[in-house]
Amino acid sequence: MEALAAVALAGNVAQFLEYAIILVSRTPEILNSTDRALKEITELEDVVDDVQQSLQSISPSNQANGNGAKSDKTLEDLTKKCLVISDEVMAIVNGLKLKTSGDGIIQGAAMVTKSLFKMPKLKELSTRLYALRDQVSAHLIVLIRQQQQELALTLQKFTTSSEEFRLETEANLQKVLSYLQQISEQVNVQQTVDQNKPSRKGKAKKTRAKQTVRGEEPAKNKYVLELHLVRRHLDSYVQYVERWVEQKQKCILQSLYFSQLRDREFAVAEAHKHTLEWIFKENSSTNFVEWLYEENGVYWIAGKAGSGKSTLMKFLTDHPTTLHHLEEWAGEKSLVIAKHYFWSSGTSIQKSQEGLFRALLLQILTHRPNLIQTICANRWNAQYTDSFNPWSRAELARALENLGAIEDPGCKMCLFIDGLDEYDGDHAQLVNVVRKIGNSKNIKVCASSRPWLSFSDAFENSRWKLYLQDLTYGDIRRFIKDNLQEDARFNRLQQRNRYAADELTSEITKRANGVFLWVFLVVRSILRGLGNEDTISDLQRRLRELPSDLQEYFDRMLSSIEEVYIKRVARLFLTMSYAQTTFPVITFYFMDFGDESFSSKPLPFLRTWPDVDASEAEALSTKKRQLIAQCRDLIYITPDPGAPVLFAERVGFLHRTVVDFLHTSNVEEKLLRLAGDDFSPTRILLGANLGQARSLMHLHRLTYIMPYLRQWILGTLYYAHEIEVLSGTGEVDALDELDSIITKEYRRWGFAHAMECIFDMPEIASFLELACKCDLALYVSHKHPQCTPRELSTLAPGWRDLLKVVRDSNFELRGRQVTNDMGSDWRIGRALGIVGSSEDNISLHVRTRDPPPVEKPVYINPKGRVKSKLTRVFNKLRS
């Protein structure tokens, strides 16, 4: 909002000049009124001091630094002149001061004498003030008119969906222009009158002497009053537009967000105490500290699988020493740190360039929202509602290119990108992207990966690199000793045979070859042996029987799962692998693995949640212990900071290497054989989503529950569609239950209100219409087997406006484009004979815009009306 910043600055300058003119014109009157002189001089001094501070705080340089506005040379010169005049006025005031002691008559005489000496100076200063006021008034009007077109374009971006906003802002702007025009027309008349006034030579009336600078009579204070009116309407205008600018910034940032943004980071283990500190030693072979505070470009952290690269990256991003050195590099500019963790076992967005770009842009622009207008120019200049549209990869790449091209963004950025090898795409292309980002003089990148050829070819000849497995021998030894010495049984063994205990630690350290993950698993095995009261010889034998290769180690762990659990665990592993995401512990209560009786009723302890006693709350801990016991060390349970207590811990595979192991052909075949012919991961996941919705839908009024409910409903629809396509059977019972669950909880307000609260789509009036939009053809045909297109239009008016549930970072409901030609995948259209039809009266209404993401829906009383879709979106953003 450069125009608004300039107008506001000009208004401040004009206001100062009006006060200065009053101040100078009143000085002789104040001096000739001896009974009030001291009070008036004190007030004059306060006024001058106030305006000096005001002008310094609103100087053009400060304005530019604060909001990125371009400098206005004319306005800058006028402001400098005002500061010079304010110094002269202050000098006059200081010169008029008298000592506090002395006779009143002598004091009065001295004041009159001083006023006579100051009169020529005051007259000359008054003339300069009037001339400067003319220049400021003229420039203010020109500035408003020159920038009016830019303001109109800005308004257009925000008023497309709000006629009320357009009329209000235009009315405010018109009032501002009207008042400024009045001031402009009166400037010459008032200046002529002032110049033709006869000099009173110090003979002011007593009534005039009783007035103060701030209490000037209305006729004399006319310009100040009019300027107050201008500022009042201008401030209202500026605040209103700035509020909408802030809303648009929030919408663009929200469109970059995805729910699994930090899932991988949270799953990464914290560094063991007092480890990895070697990386901050100066003049070491790693050169990392030198790179932090001196260089740009890319620093490469390479390491074997399981060597702890992700843990090191997490350690670096959170460490105060990193921040300290980076602040030295940034100098006087602000510092922005952004990070991203690729995750090959996660959803598509977690292992894609889109996820990388969105994560980095979101973090950078959250810290520097003033850059949105520059680097996302197309989206910023588009209509307001288009701010919600999904980002294309090309648009994201262009935004990052724009960021790197900014000569002075006002900040320096350090980006930490973990797991380049976990990117699901062309690694050489990713290397080019990373290097291009790091080439900017204001951006540096620290990236980690396995030492695969694509990365070695790009980075191994640089001095900015390290090979992690070569540097962690001491850290591994510390980790082993600290964990074993926390066990009382090991300490007793060590007291009896210290040499053998130390040899056990050394043997583990040497066999690790820098692979921290292997050490972690071995230490767990040793601790289990200590729990079995193993002797030191038993522990040594246990260690030597463990494979050094991770793949062989995982195979041994899989084979050690007890027979009673093996079918359930095989199905669990395959289901987790198919879903490509982590799950809250509570979700496993709703997964029916077919090996035990399974109730479709809501879980008892959730009926009164969160008002439950300790024994009921223990259910989550029970499920957690079961998972750990049955799956051995192949899964890992991590906290999810900020999540509600029901979802505060998530279950995932221990490491990327575990997923790689499970995806090997022989292991996958073994798991499928153990799972049995009747195993279906889609049906297990369908049941899990439906079960969670069933048990927790009654809590839909709780703000923190609604995003989860939305995911469970979409998950049920997604997997029901998958089953229809893959197996050719409709999940009628499951979908009927979902309909019943939603309808029951929203029976007072109706299904359309439920759709508004859950998806912000009140146009969906029935579950049948929702099923049609999601193309659940077998379900629809089962419910209405002989239905014609005309009849369906009556039962579900919006059935042709198709949607698609997409599994990305989470489940999303997106618009779907279809055609009625023979190659169309519109299943309901095929069932009704519309696909391939040559009838002229058939038209497909395709939703061209995705529904906006909604994180916190507002619970709206059905009696209240929402004027527009845009209003509902803003209500959600404000909540």
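In what follows, every heavy atom counts, from backbone to side chain, and hydrogens, waters and symmetry copies are set aside.
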Next on the checklist: Quick one, L323 and L335 - any side-chain contact, counting heavy atoms below 4.5 Å?
Outcome noted: yes

Checklist entry - Are the side chain of T581 and the backbone N or O of G346 linked by a donor-acceptor pair below 3.5 Å? => result no

Checklist entry - Under a 4.0 Å N-O cut-off, is there an ion pair linking K436 with E401? => result yes

Checklist entry - Is the closest side-chain heavy-atom distance between F342 and D418 below 4.5 Å? => result no

Checklist entry - Which pair of non-hydrogen atoms, one from G404 and one from S440, has the smallest distance, and what is that distance? => result O-OG, 3.4 Å

Next on the checklist: Do I758 and L709 have side chains that approach each other closer than 4.5 Å (heavy atoms only, starting at C-beta)?
Outcome noted: no

Checklist entry - Between D421 and S449, do the side chains contain an N or O donor and an N or O acceptor separated by less than 3.5 Å? => result no

Next on the checklist: Whether K248 engages the ring of W380 as a cation-pi pair (distance to the six-membered ring centre under 6.0 angstrom, angle to the ring normal within 45°) should be assessed.
Outcome noted: yes

Checklist entry - Is the backbone N or O of Y257 less than 3.5 Å from a side-chain atom of R358, with the two atoms forming a donor-acceptor pair by type? => result yes

Item to check | Any donor-acceptor N/O pair, K351 side chain to S345 backbone, under 3.5 Å | outcome: no

Checklist outcome for this item: Closest heavy-atom pair, L371 versus P409, reported as atoms and distance to 0.1 Å, is CD2-O, 3.8 Å

Next on the checklist: For the backbone of W343 and the side chain of R264, can you confirm whether one donor and one acceptor N or O come within less than 3.5 Å of each other?
Outcome noted: no

Item to check | From N402 atom CG to T374 atom OG1, the distance as rounded to the nearest 0.5 Å | outcome: 8.5 Å

Next on the checklist: Please find the pair of heavy atoms, one from V805 and one from L813, that lie closest to each other, and give the distance.
Outcome noted: CG2-CD1, 3.7 Å

Next on the checklist: Closer than 4.0 angstrom, basic N to acidic O: yes or no for E407 and K441?
Outcome noted: yes

Checklist entry - Got a donor-acceptor contact below 3.5 angstrom from the Q350 side chain to the T347 backbone? => result yes

Next on the checklist: Quiz question: by atom type and distance under 3.5 Å, do the side chains of H324 and E328 form a donor-acceptor pair?
Outcome noted: yes

Checklist entry - For W300, which of F459, F455, W291 qualifies under ring pair (Phe, Tyr, Trp, His ring centres under 6.0 Å)? => result F459

Item to check | From I252 atom CD1 to L365 atom CG, the distance as rounded to the nearest 0.5 Å | outcome: 8.5 Å

Item to check | Test item: L256 and L396 side chains (from C-beta on) under 4.5 Å apart, heavy atoms | outcome: yes

Checklist entry - Is there side-chain contact between L770 and M755, with heavy atoms separated by less than 4.5 Å? => result yes

Checklist entry - Going by the angle between their ring planes, with limits at 30° and 60°, are Y708 and W712 parallel, tilted or perpendicular? => result tilted

Checklist entry - Between K444 and V298, is a side-chain contact (heavy atoms from CB on, under 4.5 Å) present by the stated rule, with each step listed? => result CA-CA 6 Å; K444 64 169 64 180; V298 178; over 6 Å; no

Checklist entry - Is V433 close to F357 at the side-chain level, that is, under 4.5 Å between some pair of heavy atoms? => result yes

Checklist outcome for this item: Minimal heavy-atom distance between P797 and E769, with the atoms involved, is CD-OE1, 3.7 Å

Item to check | Minimum side-chain heavy-atom gap I443-N296 below 4.5 Å | outcome: no

Item to check | Approximate separation, where rounding is to 0.5 Å, of R393 CZ and L356 CG | outcome: 10.0 Å

Item to check | Cation-pi check, R379 onto W391 ring (under 6.0 Å, within 45° of axis) | outcome: yes

Item to check | Nearest-0.5 Å distance, CD of residue E327 to SG of residue C414 | outcome: 12.0 Å

Checklist entry - Given R650 and F266, is the side-chain contact (heavy atoms from CB on, under 4.5 Å) satisfied, shown in steps? => result CA-CA 10 Å; R650 299 187 71 88; F266 293 151; over 6 Å; no

Checklist outcome for this item: In this structure, CZ of R262 is separated from CD of E265 (nearest 0.5 Å) by 4.0 Å

Item to check | Donor-acceptor under 3.5 Å (Q363 side chain, K339 main chain) | outcome: yes

Checklist entry - Which atom pair, heavy atoms only, marks the closest approach of C411 to R368? => result SG-CG, 3.9 Å

Next on the checklist: If I take atom CG from residue D825 and atom CZ from residue R816, how far apart are they, to the nearest 0.5 angstrom?
Outcome noted: 4.5 Å

Next on the checklist: Walk me through whether Q429 and Q353 qualify under side chain to side chain donor-acceptor pair (under 3.5 Å).
Outcome noted: CA-CA 10 Å; Q429 183 188 49; Q353 285 190 36; 3.1 Å; yes

Checklist entry - Under 4.0 Å between a Lys/Arg side-chain N and an Asp/Glu carboxylate O for D408 and K333? => result yes

Checklist entry - Any side-chain heavy atom of H721 within less than 4.5 Å of one from C774? => result no

Checklist entry - How far apart are the C-alpha atoms of M706 and L702, what are their side-chain angles, what is the distance that settles it, and do they pass the side-chain contact (heavy atoms from CB on, under 4.5 Å) test? => result CA-CA 7 Å; M706 183 56 79; L702 300 179; over 6 Å; no

Checklist entry - So which heavy atom on N810 is nearest to which on Q711, and how close? => result CB-OE1, 3.0 Å

Next on the checklist: For K412, I'd like to know if atom NZ has over 12 heavy atoms of other residues, nucleotides or ligands within 6.0 Å.
Outcome noted: yes

Next on the checklist: Suppose we call two aromatic rings close when their centres sit under 6.0 Å apart. Are W329 and Y293 close by that rule?
Outcome noted: no

Checklist entry - Should I301 and C446 be marked as a side-chain contact (heavy atoms from CB on, under 4.5 Å) after you check the CA-CA gap, both sets of side-chain angles, and the distance that decides it? => result CA-CA 7 Å; I301 294 176; C446 178; 3.8 Å; yes

